[in-house]
Structures are given as C-alpha cells and as structure tokens.
Amino acid sequence: MARHTPLYFLKHGTRRRGGLRPVSPSGAEYVRQIKSQIDEVDPSEVRELADEGVAIVDVREAEEFAAGHLPGAVHVPRSYLESRIDAAVPDRSQRVILYCASGNRSALGAHTLEHELGFQHVESMTGGYTLWKDRGYPVEVPRQFTPEQRARYSRHFLLPEIGTEGQQKLLDAKVLLLGAGGLGSPTALYLAAAGVDDDVVDVSNLQRQVIHTTDRVGVPKVDSAEEAIHALNPDVEVVKYHTRLDASNIMEILDGYDIVVDGVDNFPTRYLLNDASVRLRIPVVSAAILGFEGQLSVFAPYEGPCYRCLFRQPPPAELAPSCGANGVLGVLPGTMGLLQATEVVKLITGAGEPLIGRLLMYDALSATTTELKVRRDPECPICSREPDAIADDEMGVFPDYEAFCAAAG
C-alpha cells in the first residue's frame, strides 16, 4: 500500500535541535491541497445540469440559504453534512454538486463525502454562490422568517427532511379539517403548531376533544377551535365553515385545498367526501375510532386506492355504532389525531412514506399496530373512472343509501 509523504513547510525561525521543525500548513494552503484532490465544476455547467437528476447541495448556514440559493438546491449546512447528507441524498452513486459562498466550504465537504463517506461522484462548484449570482444566473429567494418564527419553528429547521423549505411549504399549505371533535381536536392543534362542524361544545366532549375548554361549553365548535388555534399560533389563518357538509356544498368547500383531514363521524359523509375528493384529486388523511381501536390511511386519488376501494359500501346501521352509543377511550382520538397530523406534514413536505395504499390499525389495549396493504379496485365505482366522468348525482350514493342515512340519523 502506497504511503502519502507528509508535507513540510519551512518557516523563518522554525529551526529546532537536530533539524527543521515540521509545521502545519496554513488554512489557505490546506484548502488548496483539498481542492487538488477533488473535482470542481463551473457554475455554467451546474446551470445546465439543474434538471438532469443531479443533487445540488447548499452547505452554507441557514441565514445564507434564506437570503437566496440556487433553484432546486437542498440545504445541508457544512457543520451537519456528515450526519444529514444521507437524508438529502440517499443514493451514494448519484452525482452530487456542493456549493457554498466562494467554493472553500464546499470543497472541504466534497472531500469528506468522497474520501470518507464513500460517495462516488461528488464535485464542488467553483466560485460558489457569489460567482453564480455575479453572472446573473437565476436564484430563489424564499419568504423571510421573522425572528419569532425562527424561534417557533427552530426544531423543524434542524430536520433535513423539513428545514426552511419544508417549513415554508407548511406555512403556505391549505388544509381543510372536517370536524372539530375527537379526531379533529388534536389534529388541529398540532397542525397549527406546525404552521398549517356546526355542533357546539358539550361537557361530555372535554374528555377527548382537547381543543375545547370548560369555559367554552355552549360555544360553536368552530369558534372554540379558532380561539385555541390563534392562541397557539397566530401565523395560522382559520377559515370557518359553520355548516354541515352535504352534496349541495361539498364541491365548493373542498375546492382549492391541498389536503383534507377526515374527522367526520358518520358513513354517509365519509363516502360523500371520498367521491368529491376523487373528483377534485385532493388527498384525504382519514382516521376512524371506536372503543379501544383506531384505523388510519391516506387516500390519494389515482395514486393509491380510494375509500371505496377499501370499503365498497358501509355496513348495516346496526353494525356501525357511534362513539356516543358504544363509547371511546378518551386518549384514543389523541393518538389517531396525532398520526393524522403527521401524515399531513409528510404530504406537504414530501418527507417519508405516507400511508398511501396502507391501512394502519391500532389496538390501544394491547398497544399493537397491524398494517394491511390496500390496492386500487379496478372495478371501483368512483376511482376506476376519470374525474370528469363522475356526475354530481353519483357522489355519496350506494345501494340503499337513503335508507342507511335515515337509520344512521
């Protein structure tokens, strides 16, 4: 195995007994050594590669990245590069281009990735962001976070899967939450914290609907929820729909939202929601609870199965008791609602693997989860057709629908 000959530099006054004293290279000389051992690429070439599947990584600090960055670049600060690069670039054979302000930090980072972490094709952009901007190439300047927002979302900024870009997506997302009850309460609180019904509050709600408080008993749930959300995070805009969802208003209400969170408590509305969301191509994060058990899935139209693929039609009314009739463990809506909030954050930021095509079942008594694969039904009465082929009078309809609605009350 070949040995590297150590480099020695002669400096004035560095003699010692028995010969010359070896000294460490200066910082500038060390960077020159590193650059001689890596590949560098000109900004003009990086510009041409932007849409070619190349991972462009900005290794500057958060404040620098927020002031402007290359279009499509992912942010992994140099100080966290070794611990976070795998989340940003999971394939070590992918071509990776690092850049910083001038090309020095990115050169050091490229050397680390290639010589210590085993990445196969890493380069540093010559001249960094300064040269890129001086040439008049396009840059992205995200909306600036206020000091209060930087403090509030600081833990999100530290996550490479979210960071400043993901947090901006969360703040810009439009999420429709159906219901402010057991499932809707924890979901609303955590989505509000992350930055994203015509009933009134009853004392019996407080056992599980944690968004409401005793002093708001008798207040419409949407008003109570708005008050709690604004108290938690003033960044969140609350749009209230103090009405019951039905076939006459569902298309108008859902239109324009990025994601719908299903917190409804009856089958007719759930099927109506499914059919409308398929027509509008809006993903639905759906959960259900009863007793000590909960279920959770994400229904993304035409990407995975819809609710009808899983349940073609509802069970008879006598086999579908409500929580009011059957009871529910007070903490169970919290568990399932938090899982719903997590799925919403994943859908917005693109992090992780959402529960599309999977049904998660939770048993609180045994503290166990079971996951089932769910596939699209090629004969599904709704999602087997194109959205434009679904007529208004077909939404929410199934055999004996009217009789079921009457029985369900």
Task: Q168 atom CD, neighbour heavy-atom count above 12 within 6.0 Å - done: yes

Open item on the list: Before you tell me yes or no, could you show the steps for E303 and R376 under salt bridge (charged side-chain N to carboxylate O under 4.0 Å, His left out), namely the whole-Å CA-CA distance, both residues' side-chain angles and the distance that decides it to 0.1 Å?
Closed with: CA-CA 9 Å; E303 184 178 349; R376 288 184 65 186; over 6 Å; no

Open item on the list: For the NZ atom on K35, are there more than 12 heavy atoms of other groups (residues, nucleotides or ligands in this structure) within a distance under 6.0 Å?
Closed with: yes

- [ ] Measure centre to centre between the rings of F267 and F311, then say whether the value is under 6.0 Å.
- [x] no

TODO: Assess whether atom CD of E148 is packed by more than 12 heavy atoms of other residues, nucleotides or ligands within 6.0 Å.
DONE: yes

Open item on the list: Please check this pair: side chain of R60 against backbone of Y99, looking for a donor-acceptor N/O pair closer than 3.5 Å.
Closed with: no

Open item on the list: Does the plane of the ring in F145 sit parallel, tilted or perpendicular to the ring in Y153? Use 30° and 60° as the thresholds.
Closed with: perpendicular

Task: Over all atoms of both residues, closest heavy-atom pair of D255 and L280 - done: N-CD1, 3.9 Å

Task: More than 12 heavy atoms from other groups under 6.0 Å of CD on Q144 - done: yes

- [ ] Validate the cation-pi geometry between R308 and Y271: distance from NZ or CZ to the six-membered ring centre under 6.0 Å, angle to the ring axis within 45°.
- [x] no

TODO: Would you list the pairs meeting side-chain hydrogen bond (donor to acceptor under 3.5 Å, both in side chains) in which at least one residue belongs to residues 115-125, sequence neighbours left out?
DONE: R95-E123, S106-S124

Open item on the list: Side chains of N266 and T269: any donor to acceptor distance under 3.5 Å?
Closed with: yes

Open item on the list: Looking at Y302, I'd like to know if its OH atom is crowded, meaning that more than 12 non-hydrogen atoms belonging to other residues, nucleotides or ligands lie closer than 6.0 Å.
Closed with: yes

Open item on the list: Taking the cut-offs as 6.0 angstrom to the six-membered ring centre and 45 degrees off its axis, would you call R84 and Y80 a cation-pi pair?
Closed with: yes

Open item on the list: Quick one, R281 with E386, criterion salt bridge (charged side-chain N to carboxylate O under 4.0 Å, His left out). Give me CA distance, side-chain angles, the key distance, then yes/no.
Closed with: CA-CA 10 Å; R281 293 180 178 266; E386 290 298 313; 3.6 Å; yes

